[in-house]
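A short write-up of the structure that comes next.
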Amino acid sequence: MNTSSATALAHPNIAFIKYWGNRDNALRLPVNGSISMNLDGLFTRTTVTFSDSAQADSLLINNKQVYGPGLTRVSYILDIVRGMANTKEKAEVSSENNFPAGAGIASSAAAFAALALASSRAANLTLSEAQLSVLARRGSGSASRSIPAGFVEWQMGQSEADSFAFSIAPADHWNLVDCVAIVNAAHKKTGSTEGHALAGTSPLQNARVEDTPRRLEICRNAILEKDFEAFANIIEHDSDIMHSVMMTSTPPLMYWQAATVGIFHEVREWRSKGLPVGYTVDAGANVHVLCLGEYAKDVEKRLRELPGVSDVLVAGTGGAAKIIS
Ligand code: DP6
């Protein structure tokens, strides 16, 4: 039996300028560019082993065998890798997260970034960072942004090959911390993939997309200049715009809970009194509260005291996806 194996680690990321809607759903080509930061301390570790004796691809997540759509999505990436490496070997994929599932941290970003890196390396391919980002994107759009280090921009690109993410600043550029306030969602949420397909049904989506270059520039500059006030204003604005699109889609998507909105008011109040904090929310009810590192302890404590907050996860800025064996 011949086998070839590699293990990779990738961090999830939080988007500051959001990806919402595709111009090509199958290829995950987005309608707009986006900006994010990787979340240090949280990670997915994935081992891919190609074997000439395996009959079919298999997938183990946190020691549980996964079948159905989860496995199909992984095999889709393995098929692309097999095509590039000119092999027919099936693979065993084993993946672990160190953050709780359903914690409002998009696990698909870290998962597909780690899968892209581990599977291409196990197949003896040496892909550039941009090629890895493209490959990860095919599994989950936001995964393209978990390949490069630190603060990252995903350019929408003109075509399949140039829609990839790159680092705009390294992880140690700015001491930003994400305090994720976990709000117990009462309703089952609609996944991002379904949500992207609905974005175009909102009459607000065109305006959102047309305005994105402006928001990208403000956010990019705020990060590069470490201008927290400008940063907080633009991430809240961008998150609110995306949720406006979600709420006005057909059928409508309402991810916020009462506690979500309660946190918005608190965060704005704290900021008006001089605490450097700003919020952003992905496709869920949990609120990511960004702050300068020296205030993280205080922000975490304040969030824990708010009604409806069951837990707070704290993460600094993370590095690139990497091979660990
Ligand atoms: C709201 O990358 O999770 O978090 O490509 O279908 O896997 P798929 O979608 P996904 O969408 C992320 C949406 C978002 C905003 C963002 O991360 O930019």
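Start at 1 and go down the list; that is how both ligands and their atoms are numbered.
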Next on the checklist: Would H196 count as a polar contact of ligand 1, with the cut-off being nitrogen or oxygen pairs under 3.5 Å?
Outcome noted: yes

Item to check | N or O pair under 3.5 Å between R73 and ligand 1 | outcome: yes

Next on the checklist: One thing to verify: whether E160 and R137 come together as a salt bridge, which I'm taking to mean a side-chain N less than 4.0 angstrom from a carboxylate O.
Outcome noted: yes

Next on the checklist: Looking only at protein heavy atoms, which one is nearest to atom 7 (O) of ligand 1, and what is the separation?
Outcome noted: S140 OG, 2.7 Å

Checklist entry - Going by the order shown, which atoms of ligand 1 are within less than 4.0 Å of some heavy atom of A283? => result 1 (C)

Item to check | Residue, atom name and distance, where the atom is the protein heavy atom closest to atom 15 (C) of ligand 1 | outcome: Y19 O, 3.4 Å

Checklist outcome for this item: Rounded to the nearest 0.5 angstrom, the CG-OG1 distance for L204 and T248 is 4.0 Å

Checklist entry - In the protein, which heavy atom is nearest to atom 17 (O) of ligand 1, and how far is it? => result R145 NH2, 2.8 Å

Checklist entry - Is R137 in contact with ligand 1, taking contact as a heavy-atom separation below 4.0 Å? => result no

Next on the checklist: Less than 4.0 angstrom from a charged side-chain N to a carboxylate O is my criterion; do E89 and R82 meet it?
Outcome noted: no

Checklist outcome for this item: Looking only at protein heavy atoms, what sits closest to atom 6 (O) of ligand 1 is T193 OG1, 2.6 Å

Next on the checklist: With respect to G141, determine whether any N or O atom, backbone or side chain, lies less than 3.5 Å from an N or O atom of ligand 1.
Outcome noted: yes

Checklist entry - Can you tell me if CD on Q158 sees more than 12 non-hydrogen neighbours from other groups inside 6.0 Å? => result no

Checklist entry - Any idea which atoms of ligand 1 are less than 4.0 Å away from a heavy-atom of S108? => result 3 (O)

Checklist entry - For N13 and ligand 1, does the shortest N/O to N/O distance drop below 3.5 Å? => result no

Item to check | Protein heavy-atom partner closest to atom 4 (O) of ligand 1 - residue, atom, separation in Å | outcome: D282 CG, 3.2 Å

Item to check | Enclosure of Q65 CD (heavy-atom neighbours >12, cutoff 6.0 Å) | outcome: yes

Item to check | Heavy-atom side-chain proximity of I234 to R215 below 4.5 angstrom | outcome: yes

Checklist entry - Does N32 reach the main-chain N or O of M156 with its side chain, forming a donor-acceptor pair under 3.5 Å? => result no

Item to check | For A15, atoms of ligand 1 separated by under 4.0 Å from a heavy atom | outcome: 16 (C), 17 (O), 18 (O)

Checklist entry - Short list, please: which atoms of ligand 1 are under 4.0 Å from a heavy atom of R28? => result 5 (O), 6 (O), 7 (O), 8 (P)

Checklist entry - Can any side-chain N or O of S128 pair as donor or acceptor with the backbone N or O of Q131 at less than 3.5 Å? => result yes

Item to check | Side-chain (E266) to main-chain (L306) donor-acceptor, under 3.5 angstrom | outcome: no

Next on the checklist: Ring centroids only, cut at 6.0 angstrom: are W154 and F164 within range, meaning strictly under it?
Outcome noted: no

Next on the checklist: Tell me whether D298 is salt-bridged to K301, with the criterion being a basic N under 4.0 Å from an acidic carboxylate O.
Outcome noted: no

Next on the checklist: Can you confirm, on distance only, whether ligand 1 has an N/O atom lying under 3.5 Å from any N/O atom belonging to S34?
Outcome noted: no

Item to check | Atom indices of ligand 1, in the order listed, that fall short of 4.0 Å to a heavy atom of M242 | outcome: 1 (C)

Checklist outcome for this item: One finds that the ligand 1 atoms under 4.0 Å from a non-hydrogen atom of S142 are 2 (O), 3 (O), 10 (P), 17 (O)

